[in-house]
Structure formats: structure tokens, C-alpha cells
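Below, read A as the first sequence line, B as the second, and so on, with proteins coming before strands; counting in each chain starts at 1. Keep in mind that this is a model prediction, so the values were computed, not measured. What's counted below: heavy atoms across the whole structure, side chains too, no hydrogens, waters or symmetry copies.
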Protein chains: 2
Amino acid sequence: MEQVTIKDIARILNISASTVSRALKGSPEISKATIELVKETAKRLNYQPNKAALSLLHIKTRTIGVVVPNLGYSFFSLALQGIEEEASQRGYTVIASQSLESEEKEIRNIIDMKRIGVDGILISLAQYSSQLNHLMDIQSQMPVVLFDRVSDTIRSSKIYVNNLTGAFSAVEHLIKIGCRRIAYMGGPKGLLISNRRRDGYTMALFRHNRKIDESLIVHSEFDHNYAVKTALKLLKRKDRPDGIFAVSDRVAIGAIAAAKKLQLRIPQDVAIIGFNDEPIASLISPSLTSVKQPAFDMGKMAAQLLIDEIEYVGKYQHVSKSYPTKLMIRESTKKTSIKN
Amino acid sequence: MEQVTIKDIARILNISASTVSRALKGSPEISKATIELVKETAKRLNYQPNKAALSLLHIKTRTIGVVVPNLGYSFFSLALQGIEEEASQRGYTVIASQSLESEEKEIRNIIDMKRIGVDGILISLAQYSSQLNHLMDIQSQMPVVLFDRVSDTIRSSKIYVNNLTGAFSAVEHLIKIGCRRIAYMGGPKGLLISNRRRDGYTMALFRHNRKIDESLIVHSEFDHNYAVKTALKLLKRKDRPDGIFAVSDRVAIGAIAAAKKLQLRIPQDVAIIGFNDEPIASLISPSLTSVKQPAFDMGKMAAQLLIDEIEYVGKYQHVSKSYPTKLMIRESTKKTSIKN
DNA sequence: AAATTTAGCGCAAACGTTTGCGCTCAGTTA
DNA sequence: TAACTGAGCGCAAACGTTTGCGCTAAATTT
């Protein structure tokens, strides 16, 4: 029931607590015999060092905190697995929390992590995180690494996906399969990744000498019904698009539902591409072409950078690393007339 | 950079640390004026109590640990949100971790939580957790509540869904819409929830005077391709089933894919029901009828029980609570001839 | 005015661990 | 034999906080 302490071991063996402490670490100052004895007794009593006491001494807890918008999104769930792999290999414990896209909860989570005593924090920002004071604040106390949902105003190591080229290749793919009017269904205005992907969209059209039709750039929420409604509006127009690049798979799936409702054939009448390559993308019908992000690798690398920074002595040099995306081509863009 | 401590405040105000401590709690022993002054200064300096120090004094950390198989499963993700709501309302912090179905990782997670200093643990067991010594062990040190993936050999409060009646109602629904040969696609052999659902399946057939055809009870893995293969085998038989009840939505979606491949119409040729009501269920086409579990409520209640037990003085009486499921009827079982 | 109360605060110990320093005693050297 | 060395261990302080007890001075009672 009660914790076994170093003092207990000391009392039993009739030696001092300091000797026990040193013996457990195999200090050369202690005789082999004592070391043996202490270690044996410790194991027998199932001694576990008290992390609170260690923490009081400013000793690292070998724990890192992770804050993401939603652990249910497969991207974050996968990234977390990457983080855990790296952390585990280097002897660190990971604790995760989700902000559910709320800045307030994000702040609370960070404070909690700090009080629990993590050595550093890995964070992907909530959708509407604007005041980044809490981040600056925590940064003065421990290393922080941003990933995926990063921010330009924060100086730290960053891991993110190359949204621009990812979007570019998606739109280019639509062009190659013969789409002539391509729409972009973005996320909420102001969301960084959404804007970056819009830039990629614009750039692809520009590079292929298409002119930009602003009316084909629309904003949606991530909510399914909202996405369906937005897509319906788009597809009901007389000059409806024959290709849609959506900011996320959820939105793309909304577009698919809208197209079906209007009896449009996918991809013959309208081709659709999503982003994230959620597992659902390959399961729905038609299966959804999507831009895949190396979530696991990104998580692993983010954890690597964070732990490096934690363990680094002296001035650490921040690192920014962007990852390439991969276009997963599926039925929603496979026009049979095109051999691809 | 450095933590602001009570001593800092004491030094600045030229009073003792004990006075600061008491003032912060609004103790009646301290004058109003001093209390004001201290609280003001604390706020100004952004004082945060050091959790490690509190922890050393055997004071509760107001933190609870959650261990689930996979945070990416929508059930656990939702349950976590319920847990967080309850915890937040009662002033608790939640830290989550996933076992990824590995007993070893589950044990590691529990040890980590203990050392971080949680007041109690909420756990849903990994798929193949067999040796439950680690659970008994931790139970001697702090309250533990099991949820969803519970175990009979552990004595603790438990929250779970009524798998048997959930399966029963699903199969009964298939019978009502006119299915004559109903198959059960289970999960890996030995998985408790899978077996419970099989019992519900059997019971429904029995109750409606159908005889049990053992060859219609098959086992699958949760992996999509595996599920498709298993379903194909089932549906290619000359006496193929006209109804399938699957242990999970993932497996059910595999069955849908298989049916489509064989050009079978859903639900006319074969009706399909899944379990869990993942978000994907309503998004695919045909949308999938599924047994919904009240994940959020279950999480909330589990947290409630755990916190009750943490805060209870004296002997706590364990509580077991099972939740009813709800059948979400969608296209995959909507035969047009049946008005339901 | 003397005695008693009480409001308001400080002292010090305790929680579990680490670590610099000092101590003891055996063995070695001169 | 006396002085020295070093192996092996203990003492005590420190980390931040709480809390029982004690202290001082002012306010109240006789």
C-alpha cells in the first residue's frame, strides 16, 4: 500500500539513506557487497523512486507532454505512435492531451503538463489559437517543439508537412486527368494550413496557365453537413467545377456525398481529392484520392528534436523540417480514359 | 525562467513562507490586508504551486491517468472527452496514454502514471492482456476503474456496454427485416467482447426459433483486407447468408466491400450491421447500420466513479454499471419493402 | 493598572532523494 | 612505530510546501 522508500531500505539494512541512494546507482564509493545487498533488497521490496522527490531536486522527469487538437484524428493518432516510439527508445515517457481545438483548453493542458513536471512539450496548435502568449511563456521554462499546426510567430524547432507542394501536386493531378474547372474547398478562413493549400492550388493553376476563378475558392467548416451544403452550392452552379480539391478528407467526403445527391458520376463528372489520407479514404466508395502525410515519421522526428533539445547543454539551435507529401491515387480521380 | 516560489513572495513582502502559504488559502489566521497583498503579488508574479512539493506531502495531485488500447478509435476518443469533462468539472487533470493492444506497453504506461503521481487510474484493457498482476499491484496503491474492456478477475468498479443485448437487438433487427440466413463475423478468437456479441447473436436466433448454423459463425481480424477476404469466402458460398452481423464497423465495412465486389446489392441481397457506430458508418455508401455505444457518457461515468473513490474516506463500495446500446438504422439494412 | 485573551504571524519539522564534505578505520609506507 | 592513504560510509543541507506550535503585542476584561 505505502510506497517503499530509500529510508525503509536503509533501516532494514542498518545503513544510511545516502549509502542506499549511491548503491542503487552503483557508485564506486560503495563496496560491491553493499551494492549487491541494497539492490537485492530494493528489488525484493519493489522499490520505486519517488518522482516527486526527484522532481523537487530539479532532476529531469524523463517525461514529455504532447498537446494536439484531437487524438481521434488519424493523423495525430499516428503521429503520437511515432512520438512514443522515439521516446520509448530513449527512455522517455509520453503523456498526451487534446485541446479539442479550444485555445482555453490548450492553455490548461500546458499548465497541467508543467505542473506534472514534463521536461518538454510537443504541440500542434488548436485551430483558433491566436494569442500565443502561453506558448512564449512555457518556452521560457522548457523546450517546446511545434509540429503540423505550427506558427510563424513562435521561435522554436518545427516539424510540418509541405502543404504547398502537397496541394500543388494534387491540383496538378486533377489537371492531368483532364479537369478544366477546378475548385478549392478550404477550411475556416484564417486557418494557416488551409491558406497554404490554397496557395498550392493557385500556384498549380498558374503554372499550367489556367486563370484563377475566385468564385471557385470556397470556405467550409470541417463538419460533414456543412461540407455537404457548401459542396452542393458549388455543384449546382451551371458552370459547375469538374474537379474539387478539398482541404481535408472530411470535407472531400462531404463533396462526394453532395455529388452523389446530384447524381453526378465520380470521377467522370467531377473528380475529387482530399487531404490527410485518413483510413476512411480507402474504404469509402468511390475510394478517395488523397494527399498523404508521413504522420508517424513526423511524430518520431518531432520527439527526436524535443529530446535532443532537452538533453542538450548550452545553446540549442532550432531546427525546422518540412516533410514531403505523397499523392495516393484512388477511384475518385481515376478517369478510365486516362491511363495513369 | 525559474519557477516563482512561495519563498520569493515571502522575501518580497518581508513576511514568512508560512504566512504566504496560509494567505493563499485565505486562512482566518491571517489579516485581510496581508491576504490581499499576498494574493495580488502571487498573481502579479504568476505564481504556480509546485506540484512535486505538494505530492511529497502526500497531498493529492488531482490528476487521473487514462490507459486505453488506442486513442485513434473513435470510441476511446469520445470516451476520453467524457472523462475530461467530468474531471475538469471537479478540478482534475487528465493524462492519457495508449497501450496499442500490447500488454507490455500497458504495464509500462501504468508504472509511468504511478511515478508521475496520479491519484487514480482509468483503464480499458489491451486486447491480449492476460496476466493481470500489474493491475492488482497498482490497485493496492490507488483506486482503479475499468471501462469497456473489463475483466472478471479484477475486483473494482466497472463501466461497460451491454454487448449481449446490443448484439441481440442487431440480429433481431436483421430477422425482422426478413433475413433468413444470418452470419456472424467475429473478431479474433478469445476476445471477450467478440464472444459476448456472439452469445447475443446466438440468443437472438434461438429466441426466434432459428437453428444455429455453426458454419455461419466466422472469425476475422480487424484489418480491412483480412475482413474482406473472410467476407468473400462467406458470400461466395452457394448457400450464402442474406444478413451479416459484424463485431465492429471495420469488419462490417470489409463485408460491404466484399459484397460490392460480388455485385450483391445491399441490403436487398445481403443486409449488414456493424458495431461501434464510428463516424465513418454514416459517411460511407450505403451508410452502415451499427450498434452505438454511449462512449461519452461511459467515459464521464467512469471518471465520476474514479474520482468518487479517490475522494472517499474509508471503505469504498465498488460499482458496476452497464450501459445500453442503441441501434442506429441506416441504408445497409433498409429494405424498401419493410416499413420500419 | 494588572491580568487575560486573541489576532497575526514566524519557527521548524516533515515529505523522499541527491550530493558535497567529513569521518573512521584498515592497510600501507617510511 | 608513527604518519599517511584511501576505501567505505554517514551527516546534513537542499528542493517547495504545509501545519502544529509558540511567540509577541495589542485589545479586552477584571
Side-chain angles (χ1 to χ4, degrees), chain A residues 1-39 41-43 45-63 111-112 114-119 141-142, chain B residues 1-39 41-42 45-63 111 114-119 141-142:
Chain A
M1 188 63 182
E2 284 306 305
Q3 270 261 92
V4 178
T5 76
I6 271 191
K7 290 186 182 173
D8 295 327
I9 301 181
R11 204 173 325 109
I12 291 177
L13 263 40
N14 231 359
I15 55 181
S16 78
S18 12
T19 302
V20 175
S21 173
R22 277 185 262 251
L24 286 174
K25 307 196 123 50
S27 158
E29 293 188 68
I30 310 295
S31 71
K32 305 272 178 206
T34 312
I35 292 186
E36 270 309 297
L37 200 59
V38 169
K39 286 194 171 175
T41 315
K43 181 160 281 176
L45 300 183
N46 190 27
Y47 166 77
Q48 297 285 353
N50 183 311
K51 228 169 187 174
L54 293 179
S55 183
L56 250 197
L57 296 173
H58 284 136
I59 286 169
K60 301 280 180 235
T61 56
R62 293 189 90 78
T63 303
I111 291 178
D112 289 340
K114 193 173 73 181
R115 288 162 70 174
I116 285 169
V118 299
D119 294 339
Q141 310 192 27
M142 60 179 68
Chain B
M1 186 66 182
E2 285 305 306
Q3 270 260 91
V4 178
T5 77
I6 270 191
K7 290 185 182 174
D8 295 327
I9 301 180
R11 201 171 329 108
I12 291 177
L13 263 39
N14 231 359
I15 55 182
S16 78
S18 13
T19 302
V20 174
S21 173
R22 276 183 264 250
L24 287 173
K25 306 196 124 52
S27 158
E29 293 188 69
I30 309 295
S31 72
K32 304 273 179 207
T34 310
I35 291 186
E36 270 309 298
L37 200 60
V38 169
K39 285 194 171 175
T41 315
L45 300 183
N46 191 26
Y47 165 76
Q48 298 285 353
N50 183 310
K51 229 168 187 172
L54 292 179
S55 184
L56 249 197
L57 296 173
H58 282 137
I59 287 169
K60 301 282 182 232
T61 56
R62 294 189 89 77
T63 304
I111 292 178
K114 193 172 74 183
R115 289 165 69 175
I116 284 171
V118 299
D119 294 339
Q141 310 192 28
M142 60 178 69

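Within the model, atoms CD1 of A:Ile6 and OH of A:Tyr47 stand 3.5 Å from one another, a figure rounded to the nearest 0.5 Å. In this structure, A:Ile35 CD1 and A:Lys25 NZ are separated by 12.0 Å, a value rounded to the nearest 0.5 Å. Note that the CG atom of A:Leu24 and the CD1 atom of A:Ile9 stand 5.5 Å from one another [nearest 0.5 Å]. Going from atom CG of B:Leu37 over to atom OG1 of B:Thr19 covers 11.5 Å, rounded to the nearest 0.5 Å.
Inter-axis angle, ends of the helix from C:dA1-D:dT30 to C:dA30-D:dT1, five pairs per end, rounded to 10 degrees: 60°.
Between B:Leu45 and B:Ile12, some side-chain heavy-atom pair lies under the 4.5 Å cut-off. The closest side-chain heavy-atom distance from A:Val38 to A:Ile15 is below 4.5 Å.
In terms of phosphate contacts, B:Lys7 brings no side-chain nitrogen or oxygen within less than 4.0 Å of OP1 or OP2 of D:dT17. The side chain of B:Thr34 contributes no N or O atom lying less than 4.0 Å from OP1 or OP2 of C:dG8.
The interatomic distance linking A:Leu54 (CG) with D:dG16 (C1') rounds to 15 Å, in whole Å. In this structure, the CD atom of A:Glu29 is 19 Å from the P atom of D:dT5, given to the nearest Å. If you measure from atom CG of B:Leu24 to atom C1' of D:dT17, you get 11 Å, rounded to the nearest angstrom. In this entry the distance linking CG of A:Asn50 with C1' of C:dC15 reads 8 Å, nearest Å.
In this structure, B:Ala53 and B:Ile30 both approach DNA chain C, and ranking their closest nucleotides by distance from the 5' end singles out B:Ile30.
Here the shortest heavy-atom pairing between A:Ser16 and A:Ala10 reads C-CB, 3.8 Å.
For B:Leu54, the side-chain contact (heavy atoms from CB on, under 4.5 Å) partners two or more places apart in sequence, or in a different chain, are B:Pro49, B:Ile59.
DNA chain C is contacted by A:Ser18, A:Ser21, A:Arg22 of residues 9-23 of chain A, taking any non-hydrogen atom closer than 4.0 Å.
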